[in-house]
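The chains referred to below are lettered A, B, ... by the order of the sequence lines, with proteins before strands, and numbering in each begins at 1. Because the structure is predicted, anything quoted here is derived from the model rather than measured.
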Number of protein chains: 2
Amino acid sequence: MATVTHDIGAYTLTVGEVAAAAGVAPSAVRFYEEHGIVRAERTAGGQRRFDDGAACRIRVAKVAQRVGLTVREIAEVFADLPPDPQPQDWGEVAEHLIAEAEARTAALKAYLGDMRSGAKLCEL
Amino acid sequence: MATVTHDIGAYTLTVGEVAAAAGVAPSAVRFYEEHGIVRAERTAGGQRRFDDGAACRIRVAKVAQRVGLTVREIAEVFADLPPDPQPQDWGEVAEHLIAEAEARTAALKAYLGDMRSGAKLCEL
DNA sequence: CCTTGACTTCAACATATGTTGAAGGCCGAG
DNA sequence: CTCGGCCTTCAACATATGTTGAAGTCAAGG
């Protein structure tokens, strides 16, 4: 198998390549690795090499941050992903993230709803 | 009108009272005032006095932060509230906040949905 | 009036989320 | 084998969101 630039499932991508693919700065990629959002192997010389899922995880993380999840929380959700995850594994992570986002939105609605229904939570 | 502790619509509450009512530290109340979440008048001696809406705004702000809104964004939404807001005014703010939360959740769903539908956004 | 608890400001610290710059090392194309 | 570009680490800076402590002031009950 003489794949040159793209060996799926292998740790071949540099920090810069992942950064470009994810739309973030290389420094952010290092930050995310440090915090468990992505994994990297190292070359003999000490350089990071990422697999194809890395940019994806980072893109998902950026969107998840917008709904109020912290990097730590996102890393915990991702921790359930096996190495080389299948679509189904991603599906479960997706459910988890969406459920969390909806729970938080529901909390907001509940609070604002109580407020409007004249419950004296907010004596305006 | 001999109201002692509670003159609705007036700026009579101390920072500590608002903090207790909102369930946050006094330092947080000062922080929120500094950033436009709440308003305060000052006594002749320079102490803050808040009205009844202050604790409410802070409670709403805390819930809104959980869905990813920043203090600045929340302050901007609250900026639409007139002094001494009516239930209807709060209703509009509530709609605004909920719409924002749902938009962000929708973005998350869309991204994760695209991912699962095999669009090569995420070459896992 | 006077005491005492709550208030004031300001600076430092703390955590989360990154960016930037310096000093140096790795690696692949030629 | 060498060179230029990307990589490394580390420290400092930056912003957001607060907390804590010191030093001093205000206000309300007795």
Nearest to the side chain of A/Val71, heavy atoms from C-beta on, is which of D/dT19, D/dT17, C/dT17? C/dT17
If we ignore angles and hydrogens, is there a donor and acceptor under 3.5 Å between the side chains of B/Tyr111 and A/Lys62? no
Check every atom of D/dT8, D/dG18, D/dA28 against the side chain of B/Arg49 and return the nucleotide holding the closest atom. D/dA28
Where the side chain of A/Val15 is concerned, which of D/dT8, D/dT17, C/dT9 is the nearest nucleotide? D/dT8
Calculate the interatomic distance between A/Arg30 atom CZ and D/dC6 atom P; express it in whole Å. 13 Å
Figure out the CZ/P separation between A/Phe31 and C/dT19, and round it to whole Å. 9 Å
Presence of A/Thr14 side-chain N/O under 4.0 Å of D/dC7 phosphate oxygens OP1/OP2: yes
Among D/dT17, C/dC7, D/dC26, the one nearest B/Thr43 by side-chain distance: D/dC26
Is the phosphate of C/dG18 approached by A/Lys62 (side-chain N or O, under 4.0 Å from OP1 or OP2)? yes
Per the salt bridge (Lys or Arg N to Asp or Glu O under 4.0 Å) rule, which among B/Arg39, B/Arg57, B/Arg48, B/Arg49 passes with B/Glu33? B/Arg48
Start at the 5' end of DNA chain C and walk down; is the nucleotide closest to A/Gly45 or to A/Val24 reached first? A/Val24
Are B/Glu34 and B/Arg30 ion-paired here, with the side-chain N under 4.0 Å from a carboxylate O? no
Nucleotide nearest B/Arg42 (side chain, heavy atoms from C-beta), chosen from C/dT20, C/dT8, D/dT20: C/dT8
Taking NZ, NE, NH1 and NH2 as the nitrogens, is one of them in A/Glu100 or A/Arg104 under 4.0 Å from a carboxylate oxygen of the other? yes
Checking D/dT20, D/dA16, D/dT9 against the side chain of B/Arg72 (C-beta onward), the nearest is D/dA16
On DNA chain C, compare the nucleotides closest to A/Ala25 and A/Ala44; which residue's is nearer the 5' end? A/Ala25
Without decimals, in angstroms, what is the distance between A/Leu69 CG and C/dT17 P? 10 Å
Whole-Å distance between D/dT15 P and B/Glu73 CD? 17 Å
When rounded to the nearest 0.5 Å, the distance separating CZ of A/Phe78 from OH of A/Tyr32 is 10.5 Å
Return the nearest nucleotide to the side chain of A/Gln65; candidates are C/dG18, C/dT8, D/dG18. C/dG18
Side-chain N or O of A/Tyr32 less than 4.0 angstrom from OP1 or OP2 on C/dG18? yes
Options D/dT8, C/dG18, C/dT9, nucleotide nearest the side-chain atoms of B/Arg48: C/dT9
I need the CD-C1' distance between A/Gln47 and C/dC26, as an integer number of Å. 5 Å
